[in-house]
Amino acid sequence: MSETIYVYDAQTGKIKYTVDEVHESQVESFHVADGESFYVGPSGQKISGTFVKKDMETGQHFGITPIENMVFINLNKHIVVANGTDEAVISGLRKGMHVDINHEHSYIVDDESGSTLELSCNNYSYVAQHNEMKVYLKAYGCHDSVISIKFVEEI
């Protein structure tokens, strides 16, 4: 039975390309570019819309599976009053996720940062684009996601 090398992005798990019908000696001498890894598995797996599955505890790779949507993320509200006390809460963040807020601040979710993100605003701007916050989320094996939160003037 022939095997295939699945070359994938090490950060996202998304498969970039394959090398089919490889032998063990070819696998031993196979090298990839920085930021890429490879998994050797059975031939014939679909590569479009898939990623290399990884056990998050052990780091072991064990198969090819479809890329997931971030259905585990919850947002309690999309509109927040800009009064410094109202807030939107994003929960369900997974350890290892990359969170980018308005391309101004970013971090990787870990035990210290926790699985929730609370967003509030102290001031309302009369420049409309300043009253919206976008949170960009990236997680291994998931489609990227963007959450938009609007801030409105207190009445």
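Here, residue 1 is the first one in the sequence, and each next residue gets the next number.
To the nearest 0.5 Å, the span separating CD1 on Ile15 from CD on Gln45 amounts to 8.0 Å. Going from atom CD1 of Ile108 over to atom CG of Asp100 covers 10.0 Å, rounded to the nearest 0.5 Å. For the atom pair OG (Ser37) and CD1 (Ile5), the distance works out to 12.5 Å, reported to the nearest 0.5 Å. Note: Ile90 CD1 to Ser115 OG = 12.0 Å, rounded to the nearest 0.5 Å. Residue Lys138 holds its NZ atom at 10.5 Å from OG of Ser106, rounded to the nearest 0.5 Å. How far CD1 of Ile149 is from CG of Asn76: 8.5 Å, rounded to the nearest 0.5 Å.
In the hydrophobic cluster analysis, where Ile, Leu, Val, Met, Phe, Trp and Tyr join through side-chain heavy atoms closer than 4.5 angstrom, Leu75 is grouped together with Leu117. The hydrophobic clustering, which links ILVMFWY residues whose side-chain heavy atoms are closer than 4.5 Å, places Met70 and Val109 together. Put simply, Met133 and Met97 are part of the same group of oily side chains (I, L, V, M, F, W, Y) that touch within less than 4.5 Å, one to the next. Taken together through direct or relayed side-chain contacts under 4.5 Å among Ile, Leu, Val, Met, Phe, Trp and Tyr, Val80 and Val99 form part of one hydrophobic cluster. Clustering ILVMFWY residues whenever any of their side-chain heavy atoms sit less than 4.5 angstrom apart, transitively, puts Val19 in a cluster other than the one holding Tyr39.
In this structure the side chain of Ile73 reaches within 4.5 angstrom of the side chain of Leu93, judged on heavy atoms. Counting only heavy atoms from C-beta outward, the side chains of Val22 and Phe30 never approach each other to under 4.5 Å.
When the side chain to side chain donor-acceptor pair (under 3.5 Å) test is applied to Asn74, no partner is found at least two apart in sequence or on another chain. Looking at residues two or more places apart in sequence or on another chain, you find no side chain to side chain donor-acceptor pair (under 3.5 Å) involving Thr58. With sequence neighbours left out, Tyr124 forms a ring pair (Phe, Tyr, Trp, His ring centres under 6.0 Å) with Tyr126. Lys77 pairs by the side chain to side chain donor-acceptor pair (under 3.5 Å) definition with Asp86, not counting sequence neighbours. Here Asp111 pairs with Lys95 under the side-chain contact (heavy atoms from CB on, under 4.5 Å) rule; sequence neighbours left out. Scored by the salt bridge (charged side-chain N to carboxylate O under 4.0 Å, His left out) test, Asp110 finds no partners at all (sequence neighbours excluded). The salt bridge (charged side-chain N to carboxylate O under 4.0 Å, His left out) test applied to Asp9 returns no partner, not counting sequence neighbours. Every residue two or more places apart in sequence or in another chain was checked for a salt bridge (charged side-chain N to carboxylate O under 4.0 Å, His left out) with Glu118, and none qualifies.
Applying the 6.0 Å contact sphere to CD of Glu36 captures more than 12 heavy atoms from other residues, nucleotides or ligands. Within a 6.0 Å radius of NZ in Lys14, other residues, nucleotides and ligands contribute more than 12 heavy atoms.
Contacts classified as ring-ring contact (aromatic ring centres under 6.0 Å, His included) and involving residues 70-105 (residues at least two apart or in different chains) are given here: His103-Tyr136. Identified under the side chain to side chain donor-acceptor pair (under 3.5 Å) test for residues 64-73, with sequence neighbours left out: none. Pairs passing the side chain to side chain donor-acceptor pair (under 3.5 Å) check and including a residue from residues 19-29, sequence neighbours excluded, read Thr4-Asp20.
The shortest heavy-atom contact between Phe62 and Asp55 is CE2-N, 3.4 Å. Minimum interatomic distance between Phe151 and Ala82 (heavy atoms only, all atoms of both residues): CB-CB, 4.3 Å.
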Between side-chain atoms of residues 46-53 and protein atoms elsewhere (two or more places apart, or another chain), which donor-acceptor pairs fall under 3.5 Å?
residue, atom, partner, partner atom, Å
Thr50, OG1, Lys46, O, 3.0
Thr50, OG1, Ile47, O, 2.9

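Within the 6.0 Å centre-distance limit, the rings of Tyr8 and His61 are counted as a close aromatic pair.
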